[in-house]
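Beneath this line is the structure, given in structure tokens, with notes to follow.
The chains referred to below are lettered A, B, ... by the order of the sequence lines, with proteins before strands, and numbering in each begins at 1.
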2 protein chains.
Amino acid sequence: MLQDELPLVARLLRSQRVASLGTLADGVPFVSLVAYVVEDDLCSYLLHLSDLSPHTRHLRADPRAALLIAEPETAEVEDVQTLARITLSGTVAQVGKNSPEYTTGRERYLARHPAAAMLFDFADFNLYRFTASSARYVGGFARAYTLTVDHLRQAAAGTIPQ
Amino acid sequence: MLQDELPLVARLLRSQRVASLGTLADGVPFVSLVAYVVEDDLCSYLLHLSDLSPHTRHLRADPRAALLIAEPETAEVEDVQTLARITLSGTVAQVGKNSPEYTTGRERYLARHPAAAMLFDFADFNLYRFTASSARYVGGFARAYTLTVDHLRQAAAGTIPQ
């Protein structure tokens, strides 16, 4: 049941540091690796992207995007189909450099990614927020669920959804 | 220089068992986790997908796809921006169940993913081939390269490209 999976969803979204970002390259699928940090509500994800990257150009042309967050493959995993993963569908918007959100977002991002501090001095890097509108969670074989934003919020709050 | 990176490209593509598959969900980006095995030429990737999965429906409507293959995140990695990754752009086609390619493809796939053997008895699972037409490799910060199919073949052959 989905309600049994929500604590696992919350743990997965909070445990990783990288996601696969899906964007549209002139209408063609593109996927790149990005560092992220999740906000408390599990609906909002901060990314720090360079203007020089293909995905940033794609997002400026079309803000629709997907984020895949997955348990990493290790040698100990016998069957990779058992790796937990979640696909978040949503849109990406830039966080204005003079906004209060930028200051708090940068702090949150750097608390998770201290090695990225120097990149905040580069003029071509900007902070972006991915906002999820739905999600698909696969906990393993025959454990696939579609999640709403409310499910993500319930997972975030640790409450048991109805 | 790109020619110095090609051995690393070959190692990365051969070392992993899962990739992030980018597809179009009615024109919207979607990314899911898939098991894969690469062919010797590094241009062709075998996937074993269920008709019940969203990505399979997407590919039947539009075969254009991307595969991201990345070094997995581990606790030892201080800066996740240093993780090597490659985005392959291409198209996906089903391998006919009565073709000789199916037999050799299944053998190759199962040699890499023995735990998937039982899935070959399920009627909703089919074998697919992703064929790359170009790639973008990021070996780390400021080490980004666009690769052609010829580069992939050169990486596969272990020859030094001109």
What do the steps show when you test His48(B) against Arg106(B) for side chain to side chain contact (heavy atoms under 4.5 Å, CB included), and what is the final call?
CA-CA 9 Å; His48(B) 192 228; Arg106(B) 180 176 59 187; over 6 Å; no
Could you tell me the separation between the CG atom of Asn126(A) and the OH atom of Tyr102(A), rounded to the nearest 0.5 Å?
6.5 Å
Atom group of Thr82(A) that falls short of 4.5 Å from chain B, counting heavy atoms
neither
With a 4.5 Å cut-off on heavy-atom pairs, point out which of Ala115(A), Gly22(A), Pro29(A) contacts chain B the most.
Pro29(A)
Is chain B contacted by the side chain of Val138(A), its backbone, both, or neither, given a heavy-atom distance below 4.5 Å?
neither
Where does Pro114(B) contact chain A at under 4.5 Å (heavy atoms): side chain, backbone, both or neither?
neither
Engaged part of Leu119(A) at the chain B interface, taking heavy atoms whose separation is under 4.5 Å
side chain
How many angstroms lie between atom CZ of Arg60(B) and atom OH of Tyr128(B), to the nearest 0.5 angstrom?
3.5 Å
Close side-chain approach of Leu13(A) and Leu88(A), heavy atoms under 4.5 Å:
yes
For chain B, which candidate among Ser53(A), Gly27(A), Ala35(A) shows the most heavy-atom pairs at distances under 4.5 Å?
Gly27(A)
Under 4.5 Å between any side-chain heavy atoms of Tyr109(B) and Phe120(B), yes or no?
yes
Side chain, backbone, both or neither: which part of Thr23(A) has a heavy atom under 4.5 Å from chain B?
backbone
Strictly by modelled atom types, are Thr56(A) and Asp51(A) linked by a side-chain donor-acceptor pair under 3.5 Å?
no
Which portion of Arg17(A) sits near chain B, non-hydrogen atoms under 4.5 angstrom
both
Heavy-atom cut-off 4.5 Å, strictly under: side chain, backbone, both or neither for Gln81(A) against chain B?
side chain
Pick one of side chain, backbone, both or neither for Ala65(B), based on which atoms fall under 4.5 Å of a heavy atom in chain A.
backbone
Taking the side chain as every heavy atom from C-beta outward, state whether Val80(B) and Leu33(A) have any pair of such atoms under 4.5 Å apart.
no
